[in-house]
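A short worksheet on the structure shown next.
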Amino acid sequence: MSKAQTFGEFIMDRQAEFPFVSGQLTRLLTDIGVAAKIVNQQVNRAGLTSILGASGNTNIQNEQQQKLDVFADDTFMRILSAGKSVCGIGSEEREDFVLCGESGEGRTGKYIVLIDPLDGSSNIDVNVSIGTIFSIVRRITPMGEPLSEADFLQPGTAQVAAGYILYGSSTMLLCTTGSGVNGFTLDPAVGEFFLSHPAMTFPNRGNTYSINDAVKAKSNSATQAFVDGCREAVDAGFRGRYIGSLVADFHRNLIHGGIYLYPSTTDKPQGKLRLLYECAPLAWIAEQAGGLAVDDSGRIMDKVPESLHDRSPYYVGIRHLVEGLQACRLAPEDAYVANDPAAASGGEHLH
Ligand code: AHM
Ligand code: MG
């Protein structure tokens with residue numbers, strides 16, 4: 001019987017195939033796997049230790065930091081900055097970029113990591129799935145020179161690797177380096193991620209929509225029309241599912257086929273989610289799995305960030321539903337016919 005491939009073996013084996021994978025990136029991805037296991041251990045034991053609850057601090061987004069947020073941030077920072085391949089890290093939990101290397105100026109190391117160390121903070125204390133999201137880009141500044149802000153503020157198209165860890169009923173690591181999406185499940189008995197979901201793609205059709213219902217009324221007209229259409233299609237099997245953890249909602253929609261929406265609203269024209277370490281990495285995974293990720297006007301992957309914590313309206317998931325939403329922009333007064341197979345090819349509307 002052949003042995004299942006571990007995450008580390010998989011990256012090593014594929015190193016030559018992937019356009020951007022070098023020894024340093026292999027090392028970096030391996031380090032992410034190690035940090036994920038440490039965070040996973042604390043997440044799994046959270047109720048037994050004193051790590052649940054608020055840390056007493058707020059982060060740059062003015063949100064209450066949970067102790068596990070801080071633990072996850074510290075763990076990824078410590079492990080990634082100790083490896084020789086990372087020159088800089090941008091984290092949701094830190095106001096500024098962190099520069100790595102001996103001089104503290106990011107002169108060495110090829111790669112920059114943008115990370116949301118523990119996403120879905122509101123679910124931490126209630127035993128609901130949470131996740132880690134990461135994005136990796138190459139430095140622009142030549143090696144040996146101090147890093148500049150431009151090194152961090154690259155569009156999603158510049159990513160060389162992206163992925164997430166889902167701390168769910170089992171713990172999974174999904175990752176792309178531009179040659180499809182592969183999923184690894186942690187075997188807690190062995191402490192290794194094993195390849196369990198090779199070459200993941202969205203199914204052909206899907207009927208799940210995920211949105212915080214409370215923001216719908218304040219959202220743009222296309223989102224309202226689209227969601228109305230989905231609701232009307234309940235008899236055709238449409239269903240609303242919203243966990244409130246982006247990674248978990250995204251993952252379910254990837255497996256079962258669905259769309260996640262965090263729209264622009266009257267009070268938050270840029271929505272809620274952060275471009276660099278939430279939207280862009282999942283956008284690349286979605287595209288690599290045959291899906292789409294857009295904001296109110298175009299492709300997420302093409303957006304050039306202006307600052308580390310930029311936000312963006314976000315619509316991501318199975319292609320025909322994202323295209324259905326986009327069609328509602330052209331005729332927002334019409335509801336999307338969610339159960340109409342013709343909608344898959346560009347949007348049919350109720351009149
Ligand atoms: P966080 O990074 O503070 O956890 O916020 C991001 C989370 C996403 O995981 C989730 O999809 C969304 O915020 C939920 O927001 P809301 O509670 O407004 O529905
Ligand atoms: Mg987050």
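Positions are given from 1, in the same order as the sequence printed here. Side-chain atoms are counted along with the backbone in the values below, which use heavy atoms only and exclude waters and symmetry mates.
The cationic atom of Arg94 (NZ for Lys, CZ for Arg) does not lie both less than 6.0 Å from the six-membered ring centre of Phe152 and within 45° of the ring axis.
Judged as a ring-ring contact (aromatic ring centres under 6.0 Å, His included), and not counting sequence neighbours, the contacts of Phe7 are Phe184. For Glu105, the side chain to side chain donor-acceptor pair (under 3.5 Å) partners at least two apart in sequence or on another chain are Arg107. The side chain to side chain donor-acceptor pair (under 3.5 Å) check on Thr157 picks up nothing, with sequence neighbours excluded. The side chain to side chain donor-acceptor pair (under 3.5 Å) search around Thr141 returns Asp151, not counting sequence neighbours. The salt bridge (charged side-chain N to carboxylate O under 4.0 Å, His left out) check on Asp235 picks up nothing, with sequence neighbours excluded.
For the pair Gln24 (side chain) and Lys110 (backbone), a donor-acceptor distance under 3.5 Å is present. A distance-only check finds a donor-acceptor pair linking the side chain of Ser210 to the backbone of Arg241 [under 3.5 Å].
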Report, one line per pair, each donor and acceptor closer than 3.5 Å where one atom sits in a side chain of residues 30-37; sequence neighbours left out.
from, atom 1, to, atom 2, distance (Å)
Thr30, OG1, Thr26, O, 2.6
Lys37, NZ, Gly191, O, 2.9

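Environment of CG in Asp302: crowded, with over 12 heavy atoms of neighbouring residues, nucleotides or ligands closer than 6.0 Å. A 6.0 Å sphere centred on NZ of Lys268 holds no more than 12 heavy atoms belonging to other residues, nucleotides or ligands.
Salt-bridge formation is not detected for the pair Arg274/Asp119: no Lys NZ or Arg NE/NH1/NH2 atom is positioned less than 4.0 Å from an Asp or Glu carboxylate oxygen.
Atom CD1 of Ile243 is separated from atom CG of Asn212 by 13.5 Å, given to the nearest 0.5 angstrom.
Separation of the Tyr164 and Phe250 ring centroids falls under the 6.0 Å cut-off.
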